[in-house]
Amino acid sequence: MAAVRRISVPLIVSRTKAIRKLWQECHLKTVKKVVFQFDPFNTSVQSCRETLSLVGSAKVQETNEKCQVQTRVKSDRSDPAIDINFEDGTQYVIKTEGFDTLELLNTFNQVVRDKSSALLPKDTTPQATLSLQTMAGKKRHKK
């Protein structure tokens with residue numbers, strides 16, 4: 001029994017760290033609306049609800065204050081899903097049955113990251129912004 005505890009604790013800790021890292025990378029920059037749909041009596045709803053709590057946090061919502069994070073609680077025994085609507089009108093649906101929280105958050109981040117890289121202008125990368133700010137801060141000296 002003691003050997004099982006030694007093995008399971010590092011797995012739980014590393015899993016928690018991985019979820020925390022994915023949560024810190026999560027953003028809603030190009031997202032217009034995110035709708036979490038689930039039936040609370042469905043057996044595979046835990047990962048959707050946990051992802052809702054992470055994406056619905058104040059830290060993530062500060063990345064795009066215009067983005068709406070909504071919840072639709074259903075009672076029709078339907079499978080849980082995340083419906084992501086982007087600013088350009090495209091829609092992406094993630095069927096969350098069979099995902100655990102780590103996989104679901106990773107998939108959510110990947111979808112948003114891929115769409116953001118396609119929608120955001122290339123000039124607004126952090127490196128370009130930093131170099132422009134650095135150049136603006138320097139004063140030219142007359143000779």
Side-chain angles (χ1 to χ4, degrees), residues 1-140:
M1 192 81 160
V4 172
R5 288 185 186 174
R6 281 188 220 141
I7 293 171
S8 63
V9 170
L11 290 176
I12 291 172
V13 170
S14 64
R15 181 175 169 72
T16 304
K17 284 182 180 180
I19 290 173
R20 184 176 298 139
K21 184 174 190 269
L22 286 172
W23 176 64
Q24 290 171 346
E25 295 173 359
C26 190
H27 68 83
L28 302 171
K29 291 178 184 172
T30 58
V31 180
K32 183 177 181 181
K33 181 168 65 170
V34 181
V35 181
F36 291 83
Q37 305 174 43
F38 57 86
D39 179 359
F41 301 110
N42 192 324
T43 57
S44 62
V45 75
Q46 181 179 356
S47 63
C48 187
R49 293 178 72 164
E50 289 175 354
T51 304
L52 167 63
S53 69
L54 295 169
V55 173
S57 68
K59 178 201 166 293
V60 175
Q61 287 192 348
E62 285 175 357
T63 61
N64 184 358
E65 294 177 357
K66 294 179 182 179
C67 179
Q68 300 174 358
V69 177
Q70 297 178 349
T71 306
R72 286 198 191 125
V73 180
K74 298 181 172 187
S75 61
D76 57 358
R77 303 288 189 225
S78 61
D79 292 333
I82 301 174
D83 185 10
I84 307 168
N85 295 308
F86 291 96
E87 291 176 349
D88 67 347
T90 58
Q91 182 179 3
Y92 196 91
V93 178
I94 303 172
K95 300 286 185 181
T96 66
E97 186 176 17
F99 282 92
D100 66 352
T101 306
L102 182 62
E103 295 169 336
L104 185 56
L105 191 58
N106 188 30
T107 303
F108 180 87
N109 281 352
Q110 188 65 41
V111 168
V112 173
R113 189 179 313 120
D114 289 348
K115 193 64 174 178
S116 294
S117 64
L119 290 178
L120 289 176
K122 301 296 181 196
D123 297 335
T124 59
T125 58
Q127 293 84 10
T129 306
L130 180 61
S131 63
L132 289 175
Q133 289 173 349
T134 305
M135 290 172 50
K138 292 183 179 178
K139 294 180 181 177
R140 292 188 171 206

Look up atom [atom1] in [X] and atom [atom2] in [Y], then write down how far apart they are to the nearest 0.5 Å.
X: L28; Y: Q68; atom1: CG; atom2: CD; value: 12.0 Å
X: S116; Y: E87; atom1: OG; atom2: CD; value: 8.5 Å
X: I94; Y: S47; atom1: CD1; atom2: OG; value: 10.5 Å
X: F38; Y: L52; atom1: CZ; atom2: CG; value: 6.0 Å
X: D83; Y: R72; atom1: CG; atom2: CZ; value: 7.0 Å
X: N109; Y: K21; atom1: CG; atom2: NZ; value: 10.0 Å

Please test D100 against R15 for side chain to side chain contact (heavy atoms under 4.5 Å, CB included), starting from the C-alpha separation and ending with a verdict.
CA-CA 11 Å; D100 66 352; R15 181 175 169 72; 2.9 Å; yes
Does the side chain of N106 come under 3.5 Å of the side chain of Q110 through a donor N or O and an acceptor N or O?
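No, no side-chain donor-acceptor contact under 3.5 Å.
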Restricting to non-hydrogen atoms, name the atom on [X] and the atom on [Y] that form the minimum distance, rounded to 0.1 Å.
X: Q37; Y: K74; result: OE1-NZ, 3.0 Å
X: V45; Y: P80; result: CA-CG, 4.3 Å
X: V55; Y: C26; result: CG2-SG, 4.2 Å
X: A81; Y: V93; result: CB-CG1, 4.3 Å
X: E62; Y: E65; result: O-CG, 4.2 Å
X: K115; Y: D88; result: NZ-OD2, 3.1 Å

Within a strict 4.5 Å, meaning less than it, do heavy atoms of the [X] and [Y] side chains meet?
X: F99; Y: T51; answer: no
X: P40; Y: R49; answer: yes
X: Y92; Y: V112; answer: no
X: I82; Y: L104; answer: yes
X: N64; Y: H27; answer: no

Could you go step by step and tell me if E25 and R113 meet the side chain to side chain contact (heavy atoms under 4.5 Å, CB included) rule?
CA-CA 10 Å; E25 295 173 359; R113 189 179 313 120; 3.8 Å; yes
Test log, rule side chain to side chain contact (heavy atoms under 4.5 Å, CB included), inputs F108 and V34:
CA-CA 10 Å; F108 180 87; V34 181; 4.1 Å; yes
Assess whether side chain to side chain contact (heavy atoms under 4.5 Å, CB included) is satisfied between I19 and L54, documenting all intermediate values.
CA-CA 9 Å; I19 290 173; L54 295 169; 3.8 Å; yes
Determine whether a donor-acceptor pair (N or O, by modelled atom type, separation under 3.5 Å) exists between the side chain of K59 and the backbone of Q24.
yes
